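See structure below.
Counting convention: from 1, in listed order, for ligands and their atoms alike. For the single chain, residues carry numbers from 1 onward in sequence order. All of these numbers come straight from a predicted model, not from anything done at the bench.
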Amino acid sequence: MCGIVGYVGKERAAPVLLEGLKKLEYRGYDSAGIATLSAGKLQVAKRKGRVEGLASAAQTLQGNIGIAHTRWATHGAPSERNAHPHVYRGIAVVHNGIIENAKELREECEAKGEVFSSETDSEVIAHLIAETYRGDLLLAVKEGTARLKGSYAIAVLCEGAGNVIAAAKRGSPLLAGKGERCVLASDLPAAAAFAKEVYALKDGEFALLKGNEVRLFDGELNEIRREPLKFDLKEEDGGKNGFSHHMLKEMAEIPASIANSLVNLQAKSRFSPICIVLCQTYYIQIVACGTAYHSGVAAKAAIEALSRVPVEVCIASEYRYRDPIVRKGTLVIAVSQSGETADTIAAAKCAKEKGAKVLALTNVPYSSLTEVCDFCIYTHAGREVAVAATKSFMAQLAALFSLASALAELKGRSAPPLAPFPALAEDALARSERVKGWAKALRSAKSVYFIGRGYDYAAALEGSLKLKEVSYLPGEGYPAGELKHGTLALVGADTPVVAIVGDKRIAEKTMNAVHEVRSRGARVFLVTTIEDLGAGILPLEDILTLPSCEAVFSPLLTVIPLQMLAYETAVLLGNDPDKPRNLAKSVTVE
Ligand code: AGP
């Protein structure tokens with residue numbers, strides 16, 4: 001949801017900034033821009049569309065200092081005019097976040113005769129800083145941002161302030177790094193790619209970058225000292241490693257992601273502080289968005305089945321506004337791949353205020369969510385570049401199922417082993433080749449329904465979301481038994497149905513729904529872990545039988561072909577599955 005970069009060093013800034021933007025492009029890709037300072041004058045290049053489209057315009061930019069931005073539109077359509085940096089009276093600003101009082105502030109500025117050049121909420125920041133600038137850029141940034149409501153991470157360049165970048169953070173992530181050069185970036189991998197020592201700014205803090213020096217300041221502009229982050233980022237080049245898309249590469253990494261996520265949790269020393277809380281847990285709320293929410297739906301089924309502890313799964317953006325009931329003994333689990341999702345962070349904060357213990361389950365070390373929560377479990381899926389979550393979802397499932405098993409054991413119950421799942425997932429991946437044929441049928445569909453009961457319902461939800469995200473085909477994930485209560489009216493020859501069956505006990509019930517939709521003309525594709533299910537009913541090529549496994553953990557297998565189906569359909573339709581339209585990987589605004 002917008003990525004920002006800053007650079008001060010000895011090299012020409014524009015190529016370094018472009019490199020940084022490429023690393024952050026997963027955060028938004030509807031327009032991009034760079035501002036540099038050369039001989040005290042601002043030079044700006046902006047383009048609608050992806051970062052690569054900015055490269056030729058950036059060739060003319062001189063100077064060894066600059067700021068840059070890749071955008072996911074909130075206020076104002078994707079266009080060159082709305083692309084950042086926004087410049088007003090010698091002040092250039094890049095912004096990640098949302099300014100909620102932008103309209104009032106803009107009207108105030110316009111009443112004073114100031115002219116705006118974009119429709120964005122962000123431009124007002126440049127105006128406020130320009131109004132307060134009296135030769136001290138940091139002070140002007142402090143005073144200008146004091147009037148803002150909402151969230152922001154900003155980087156500011158100023159004609160006349162020398163070769164310095166000022167930065168401020170509230171509610172959106174920002175890291176500053178130093179080494180031979182100084183950088184700002186919206187995430188750790190981007191900052192760490194350019195600097196040895198990296199510091200995470202906290203909300204309400206400021207930074208100044210000059211020469212090879214990074215200085216951090218608190219809300220009163222007192223300079224603060226902070227230890228650099230300790231990180232062990234494997235040098236992941238973000239490349240496709242021979243695969244045609246990141247999404248395909250990341251699906252191939254699913255078995256390893258599951259294995260890493262399981263190993264991490266089974267290390268008792270790391271797990272024990274959480275064990276203490278689990279012993280006192282009588283009620284669980286899971287807060288999350290999108291795919292992470294679906295991992296919560298799967299976890300609810302597993303936790304309740306294995307430990308008998310009741311679980312509520314909450315869409316994070318709904319949680320805080322409904323005045324949630326948090327009883328004594330409630331553990332809130334905030335699930336987020338990026339750890340930067342504003343809705344999930346807000347829900348976690350709300351739960352803490354209400355007295356819950358809050359556990360973050362995230363894939364990204366030092367992400368904002370980890371700051372808010374009492375405990376943290378990392379899913380160790382590795383960097384995920386494609387916007388559509390695949391391996392990170394599997395790692396979330398593995399971690400949540402491990403948690404379900406641990407809770408069951410603490411409550412004196414047993415749980416089936418998870419250790420076979422990396423190998424089973426490898427097998428499921430190999431068998432998923434079959435869905436290539438299914439994708440041909442889906443590409444001309446009016447809409448696609450995914451149905452499942454019990455443990456399979458989460459898989460149906462996730463299969464449908466994945467298909468919508470990358471193929472743009474409408475549809476729904478639905479409880480198989482509920483279809484006949486209304487939605488069946490939409491089913492016909494042009495609405496294929498994907499049925500998921502990972503649990504023998506309810507197999508026949510889901511198959512009833514299969515018969516019902518087939519009677520209305522729908523072609524049915526069956527994903528199952530149950531040998532021979534569907535034989536004699538459906539054509540063999542429309543049945544995908546996965547290795548059999550414990551039903552409670554079956555989404556670890558059944559979702560794999562659904563992800564593959566979404567990918568294959570997107571490719572057939574000529575879409576870029578790595579960067580679906582209108583979306584961004586990390587949604588840092590509410
Ligand atoms: C997943 O494919 C989507 N890109 C999206 O639903 C995502 O899961 C959601 O925005 C939550 O992101 P998070 O896990 O980083 O919090």
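- Scanning the protein for heavy atoms near atom 10 (O) of ligand 1, the closest one is Val587 CG2, 4.1 Å.
- Taking distance alone, with nitrogen or oxygen atoms compared against 3.5 Å, Ser338 approaches ligand 1 more closely than that limit.
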Exercise for the section: Go through the steps for Met394 and Val559 under the test side-chain contact (heavy atoms from CB on, under 4.5 Å), then give the verdict. Expected result: CA-CA 8 Å; Met394 294 301 174; Val559 175; 3.6 Å; yes
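- Within the 4.0 Å heavy-atom criterion, the part of Lys466 lying near ligand 1 is the side chain and not the backbone.
- Screening Ile67, Val183, Val5 for a side chain to side chain contact (heavy atoms under 4.5 Å, CB included) involving Leu17 leaves a single residue, Val5.
- The pair Asp374-Lys352 meets the salt-bridge criterion, with a side-chain N (NZ, NE, NH1 or NH2) lying under 4.0 Å from an Asp/Glu carboxylate O.
- Annotation: Val387 places an N or O atom under 3.5 Å from an N or O atom of ligand 1; distance criterion only.
- Near Ala292, with a cut-off below 4.0 Å to any heavy atom, the atoms of ligand 1 are 8 (O), 14 (O).
- When all heavy atoms of Leu359 and Ile274 are compared, the pair lying nearest together is CD1-CD1, 4.2 Å.
- Aromatic ring centres of Phe553 and Phe401: separated by under 6.0 Å.
- Those atoms of ligand 1 that come under 4.0 Å of a heavy atom in Ala388, given as number and element, are 2 (O).
- The single protein non-hydrogen atom nearest to atom 3 (C) of ligand 1 is Glu469 OE2, 3.0 Å, given as residue, atom name and distance.
- Relative to the six-membered ring of Tyr29, Arg71 misses at least one condition, a distance below 6.0 Å or an angle of at most 45° to the axis.
- For atom 12 (O) of ligand 1, the closest non-hydrogen atom of the protein is Thr341 OG1, 3.4 Å.
- Residues His245 and Tyr567 place their aromatic rings such that the two centres sit under 6.0 Å apart.
- Looking at Gln396 next to ligand 1, no N or O pair under 3.5 Å apart turns up.
- Considering all non-hydrogen atoms of both residues, Ala398 and Ser261 come closest at CB-CB, 3.8 Å.
- Residue, atom and distance of the protein heavy atom nearest to atom 9 (C) of ligand 1 are Cys289 O, 3.6 Å.
- Residue contact check: Ala389 has heavy atoms under 4.0 Å from atoms 1 (C), 2 (O) of ligand 1.
- The contact set between ligand 1 and Ser336, taken as ligand atoms under 4.0 Å from a residue heavy atom, comprises 13 (P), 14 (O), 15 (O), 16 (O).
- Atom NZ of Lys579 is surrounded by more than 12 heavy atoms from other residues, nucleotides or ligands within 6.0 Å.
- Residue Thr291 approaches ligand 1 through these ligand atoms, each under 4.0 Å from one of its heavy atoms: 1 (C), 2 (O), 6 (O), 8 (O).
- Each of the following atoms of ligand 1 lies closer than 4.0 Å to a heavy atom of Gln337: 13 (P), 14 (O), 15 (O), 16 (O).
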